[in-house]
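Comments concern the structure below.
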Amino acid sequence: MDLVCHEAPEWAQLQVHFQAFKEGFDLQQAFGADPQRLEKLSQQAPYVFADLSKNWLLENTEALLAQLGHARKVHALRDSMLAGQAINTSEGRGAMHWLLRTPQDGGLLRENKVVQAWPADMRQALGDVHSTLNAMLQLAEQLRADSRITDVVNIGIGGSHLGPEVVVQALEDWVDTGKQFHFVSNVDGHELGHVLRKVRPESTLFLIASKSFTTAETMLNAHSAREWFLANGGSDSAEDACNIDRHFVALTTNTEAAAAFGISRTLGFWDWVGGRFSLWSAIGLPIAIAIGATQFRRLLQGAHAMDAHFFTAPDAQNLPMRLGLLDVWNRNFCGFSSRCIAPYSHGLRRLTAYLQQLEMESNGKRVTRHGHKLEVPTCAVVWGEPGTNGQHAFFQMLHQGPDVIPVEFIALRDGGKYLGAHHQSLVINAIAQAQALMVGRHGEGVERDCPGNRPSTFLLLQSLDPASLGALIALYEHRVFVSGAVWGINSFDQWGVELGKKLAQELRVCQQTDDWRGVDPSTVSLMQRLAESPVNGN
Ligand SMILES: O=P(O)(O)OC[C@H]1O[C@H](O)[C@H](O)[C@@H](O)[C@@H]1O
């Protein structure tokens, strides 16, 4: 029987190792004691330079973590992922999002001999990936050239929203269509309503993005968008120029449901693409319309370079492996319950929201994939805001609060087309914050003193271009895989989110029948308050 993670002898070894930190570990002294510290704890991975040296790591911490990784069979699980095996055990599916960015001939995976010969089903899957990709990019180019379309409205939620939104925002300097992009996710009618106020049916393209094509929020928004379209001059007859066929496209694995909704143009994908890993699939259509086929392929190329790195680099130089193990170290041994993400980039302002789904929906679990209960914490809370804004808000707590919270800085070497002085100021602030967290301030009075010795990681991209962004996102995907594998959890399902959806449906039935049997008094009272009209604002 498989051991749960904390029963592994390597786990106990790391607990003993952590004792050294209790006896007083100081980051600045660690740099003094080892002139090679920076070199050992930093690396260049494809498109991403990473400096891990300001973390609570001793000379041999990473080696001990790598031993834990081996004991937890992280590499074997990685091989299973690569072989397309059903590592998403609770749903009986593979997790092959990496295949979505693999070139038709196997690219770097074949060059690096990761894949010698694809088995027939894998060849078939790769062929299907490329036919859909080609069809999607062709459609994207057609739509880009269609000057009658001025606005693209993506309706989707979770994985069918966050990835495309983050990428389109991040690559704003690469958006060259002259079209406006809108992302509607919330079932709160204000979001859709505010977009519909700005657009006209004859110049708007609606993308209905939903892997399942059953998600309540997306379906309600899609129905409302269609009603608005028909009520404002659009038609459901193919004979009219402004018709649903021309103005709605579905992005889904459930092509039948899309057809039943009345959308004939559908781009499909496969159940082995998890929602939060789907921006590389047909769900990426808004990205492809925004930046065009060539740049979309660059996004895939950057991610593929990171895939090949993850599948081939030795542990000591494998960035997703190092970061995934660092996450386990920080969470389980150092006891840090959250991690702050601070992208020093306006383009990456929604990256944290994206990572919250990627990390917390993947690894926010407390049983192993074999059904054993874990007695140790798993995924840290991921939170944050872009810098320098965060500095003028919650950074106070990072510097002087009683809890130690590791911070992850993400910065760009080249700031793009805007004023150099702005970019200099932005990046220098990021570097100075990482320095301040480490050195602290002492001897200036209790209120002013900052304890310092606070850990951080610094990720540096050359620029916010499609390939670098692809690599950055793939880095996070694989890092989450690594920590999930160490904890022994299935990082690819999300049963926890089902419960609230089911209860919302049940409450609707209670409300319709006015039958509240079995429902707790607090819930009943809230539901009844909803039904009452407010009196004097109370
Ligand atoms: O793409 P859809 O099927 O509409 O799903 C959208 C989202 O909703 C679900 O509740 C899941 O928590 C997410 O993983 C998913 O991305």
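Here, residue 1 is the first one in the sequence, and each next residue gets the next number. All ligand and atom numbering here is 1-based and tracks the order in the structure.
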Below 3.5 Å, N or O to N or O, backbone or side chain included: is there any such pair between T215 and ligand 1?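 Checking ligand 1 against T215, an N or O pair does fall under 3.5 Å apart.
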Would you check the N or O atoms of G159, main chain and side chain alike, for any that come under 3.5 Å of an N or O of ligand 1?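 N/O-N/O distance below 3.5 Å exists for this pair.
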Mark yes or no: R226 above the aromatic ring of F248, with NZ or CZ under 6.0 Å from the six-membered ring centre and no more than 45 degrees from the axis.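 Verdict for F248: no cation-pi partner in R226.
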Shortest protein contact, [atom] (heavy atom only):
atom	answer
atom 3 (O) of ligand 1	S212 OG, 2.6 Å
atom 12 (O) of ligand 1	E361 OE2, 2.6 Å
atom 6 (C) of ligand 1	I157 O, 3.2 Å
atom 1 (O) of ligand 1	S160 OG, 2.6 Å

Is there a heavy atom of E498 sitting under 4.0 angstrom from any atom of ligand 1?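 Outside the 4.0 Å threshold, so no.
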Could you establish whether K501 and ligand 1 come within less than 4.0 Å of each other, counting only heavy atoms on the residue side?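 Yes, K501 has heavy atoms under 4.0 Å from ligand 1.
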[Y] and [X] aromatic ring geometry - parallel, tilted or perpendicular at 30°/60° bounds:
X	Y	result
Y344	F409	tilted
H370	H372	tilted
F311	W98	perpendicular

Charged N to carboxylate O below 4.0 Å: is that the case for D151 and K198?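 Salt bridge between D151 and K198, a charged N being under 4.0 Å from a carboxylate O: no.
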Are W383 and F394, when compared by the centres of their aromatic rings, separated by less than 6.0 Å?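 Close enough - the centres of the two rings lie under 6.0 Å apart.
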